[in-house]
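The next block holds one structure in the form of structure tokens; read it before the comments.
Computed from a predicted structure; not experimentally measured.
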Amino acid sequence: MKINKIAIIGGGNLGSAIANGIVASKIVSPSQLVVTRRQVELLNDLKLKGVTVGNDNVAAAKDANIVMLVVKPYFIEAVINEIKEVLTPQTIVVSLATGVTSQDVEVWSGAKLPIFRAMPNTAIAIGQSMTCMSASNATAEQQQLMLDVFNQMGQALIIEEKLMASATILASCGIAFAMRYIRASTEAGVEMGFGAKLATQIAAQTVLGAADLILKGGNHPEVEIDKVTTPAGVTITGLNAMEKNGFSSAVIQGTLTAYEKTQKGK
């Protein structure tokens, strides 16, 4: 399926990150990408790259193969009502609004459209996102198309819709959780004598290497941990001190608490 036009409605932090990822991966040419937001002047960086920017959502969605709705959950119904007249049965609608179901989108649009829910993280801007998607009313070809699009900007998976809230926490919130570990490790490095910039570089590259060992090697994290924990060594001493201070428990509880917040009001 050929993509002639992609519309991103909502060029905030995440919408702009997706736009930058699309430009960098050359999924379409910049001129085939349209990004909207109310404060158009905040999209000047994208405009300089050749992306069409504006604040007319209807014009953006018209004739687009893919329409990505990157707006707050409480805005999405109004946006769909605004653009639904220009959506066709072949228009792929991608909602990135947390908590908004594909059924919600179908009801608001008044049509049985191919609908995806997607949750990338901000690493999409550099082609390293973990993007989880669910699909409704979509053909196998359309599902593969969306996997192809988001795989150009990292890794993408199609999962059951009931798991989308969990995926939001693991992938989207998770990148902030990982950043907090890097920050803490950096602070420890500074206390040991490194400059902050050098400590950050060491901590960040170490996390990147750890992630690649898991993704490329396919081992359970404990297998890789065992490789660097010698009897009576410094690594196991450090790990045990972290566990004594609640490291794993804090990560698990923080993740579950964030998840529980997504379930309130359901």
**OP:** Measure the spacing between CE of M146 and CD1 of I158 and express it to the nearest 0.5 Å.
**Re:** 8.5 Å
Original post:
Between S172 and I169, is there a donor-acceptor pair closer than 3.5 Å when you use the side chain of the first and the backbone of the second?
Top reply: no
**OP:** For residues M153 and S25, report the shortest heavy-atom separation together with the two atoms involved.
**Re:** CG-OG, 4.0 Å
**OP:** Give a yes or no on this: more than 12 heavy atoms of other residues, nucleotides or ligands lie within 6.0 Å of atom NZ of K84.
**Re:** yes
**OP:** Heavy atoms only: give me the nearest A17-T122 pair and the separation to one decimal.
**Re:** CB-O, 4.2 Å
**OP:** Write down the atom of L113, the atom of P89, and the distance for their closest heavy-atom approach.
**Re:** CD2-CA, 4.0 Å
**OP:** May I have the step-by-step check of side chain to side chain contact (heavy atoms under 4.5 Å, CB included) for M68 and L96, ending in yes or no?
**Re:** CA-CA 7 Å; M68 297 189 186; L96 289 94; 4.2 Å; yes
Subject >> Common cluster, L69/M119, ILVMFWY with side-chain heavy-atom separation under 4.5 Å >> reply: no
Original post:
Can you hop from I182 to F194 via hydrophobic side chains spaced under 4.5 Å?
Top reply: no
Original post:
At their closest point, which heavy atom of S31 faces which heavy atom of T52, and how far apart are they?
Top reply: O-OG1, 3.8 Å
Original post:
Which distance, rounded to the nearest 0.5 Å, do you find between the CD1 of I6 and the CD1 of I22?
Top reply: 4.5 Å
**OP:** Give a yes or no answer on whether the side chain of N151 reaches the backbone of D148 with a donor-acceptor pair at less than 3.5 Å.
**Re:** no
**OP:** Report yes or no: does T200 contribute a side-chain atom to a donor-acceptor pair with the main-chain N or O of A196 at less than 3.5 Å?
**Re:** yes
Original post:
Distance only, no hydrogens: is a donor on one side chain within 3.5 Å (strictly under) of an acceptor on the other, for S129 and Q155?
Top reply: no
Original post:
How far does CD1 of I18 sit from CG of N13, to the nearest 0.5 angstrom?
Top reply: 11.0 Å
Subject >> Under 3.5 Å: donor-acceptor pair, side chain of Q263, backbone of E260 >> reply: no
Original post:
Which residues pass the salt bridge (Lys or Arg N to Asp or Glu O under 4.0 Å) test with E243, sequence neighbours left out?
Top reply: none
**OP:** For atom CD of Q201, decide whether the heavy atoms of other residues, nucleotides or ligands shown that lie under 6.0 angstrom number more than 12.
**Re:** no
Original post:
Roughly how far, to the nearest 0.5 Å, is the CG atom of D104 from the CZ atom of R117?
Top reply: 8.5 Å
Original post:
With hydrophobic residues grouped by side-chain heavy-atom distances under 4.5 Å, do I8 and V86 end up in a single group?
Top reply: no
**OP:** Verify, without hydrogens or angle tests, whether K72 (side chain) and T98 (backbone) share a donor-acceptor contact under 3.5 angstrom.
**Re:** no
Subject >> pair T101-E161: side-chain heavy atoms closer than 4.5 Å >> reply: yes
**OP:** Show your working on salt bridge (Lys or Arg N to Asp or Glu O under 4.0 Å) between E106 and K112 and close with a plain yes or no.
**Re:** CA-CA 6 Å; E106 185 172 325; K112 195 171 184 179; 5.9 Å; no
Original post:
Can you find a pair of side-chain heavy atoms, one from I124 and one from F150, that are under 4.5 Å apart?
Top reply: yes
**OP:** Give, for atom CG of N240 and atom CD1 of I236, the distance between the pair rounded to the nearest 0.5 Å.
**Re:** 4.5 Å
**OP:** Mind listing the closest non-hydrogen atom pair of A203 and T186 along with its distance?
**Re:** CB-OG1, 3.9 Å
Original post:
Is the shortest heavy-atom distance from the side chain of I76 to the side chain of W108 under 4.5 Å?
Top reply: yes
Original post:
Does the N20 side chain pair with the main chain of S16, one donor and one acceptor, at a distance under 3.5 Å?
Top reply: yes
**OP:** Determine yes or no for a side-chain-to-main-chain donor-acceptor pair under 3.5 angstrom, with N121 supplying the side chain and A171 the backbone.
**Re:** yes
Original post:
Take atom CD in Q103; do more than 12 heavy atoms of anything else shown fall under 6.0 Å from it?
Top reply: no
Subject >> Taking every non-hydrogen atom, the tightest pair across A123 and I175 >> reply: CB-CD1, 3.7 Å
Subject >> Derivation of the side chain to side chain contact (heavy atoms under 4.5 Å, CB included) call for V94 and I92 >> reply: CA-CA 6 Å; V94 185; I92 296 173; 4.0 Å; yes
Subject >> Any donor-acceptor pair under 3.5 Å from K5 side chain to A60 backbone >> reply: yes
**OP:** Keeping the roles fixed (side chain from T91, backbone from T88), state whether a donor-acceptor pair exists under 3.5 Å.
**Re:** yes
Subject >> 4.5 Å side-chain heavy-atom contact, V58 and E82 >> reply: yes
Subject >> Worked check of side chain to side chain contact (heavy atoms under 4.5 Å, CB included) between V93 and V105 >> reply: CA-CA 9 Å; V93 176; V105 175; 4.1 Å; yes
**OP:** Check whether any side-chain heavy atom of P114 lies under 4.5 Å from a side-chain heavy atom of T139, and answer yes or no.
**Re:** no
Donor-acceptor pairs under 3.5 angstrom involving side-chain atoms of residues 32-43: please list them, not counting sequence neighbours.
residue	atom	partner	partner atom	Å
Q32	OE1	S29	N	3.0
Q32	OE1	S29	OG	3.0
Q32	NE2	N4	O	3.2
T36	OG1	N57	OD1	2.8
R37	NH1	G11	O	3.1

Subject >> Close side-chain approach of T168 and C132, heavy atoms under 4.5 Å >> reply: no
Subject >> Flag side-chain contact, heavy atom, 4.5 Å: S166 against Y259 >> reply: yes
**OP:** Test F177 against T255 for side chain to side chain contact (heavy atoms under 4.5 Å, CB included), laying out the working first.
**Re:** CA-CA 9 Å; F177 302 158; T255 303; 3.8 Å; yes
Original post:
For the side chain of S102 and the backbone of I115, is there at least one donor-acceptor N/O pair under 3.5 Å apart?
Top reply: no
Subject >> Linked, directly or transitively: V70 and I27 (ILVMFWY side chains, under 4.5 Å) >> reply: yes
Subject >> Path from V149 to M130 over hydrophobic side-chain contacts below 4.5 Å >> reply: no
Subject >> Interatomic spacing from CG in L87 to OG in S109 - rounded to 0.5 Å >> reply: 7.0 Å
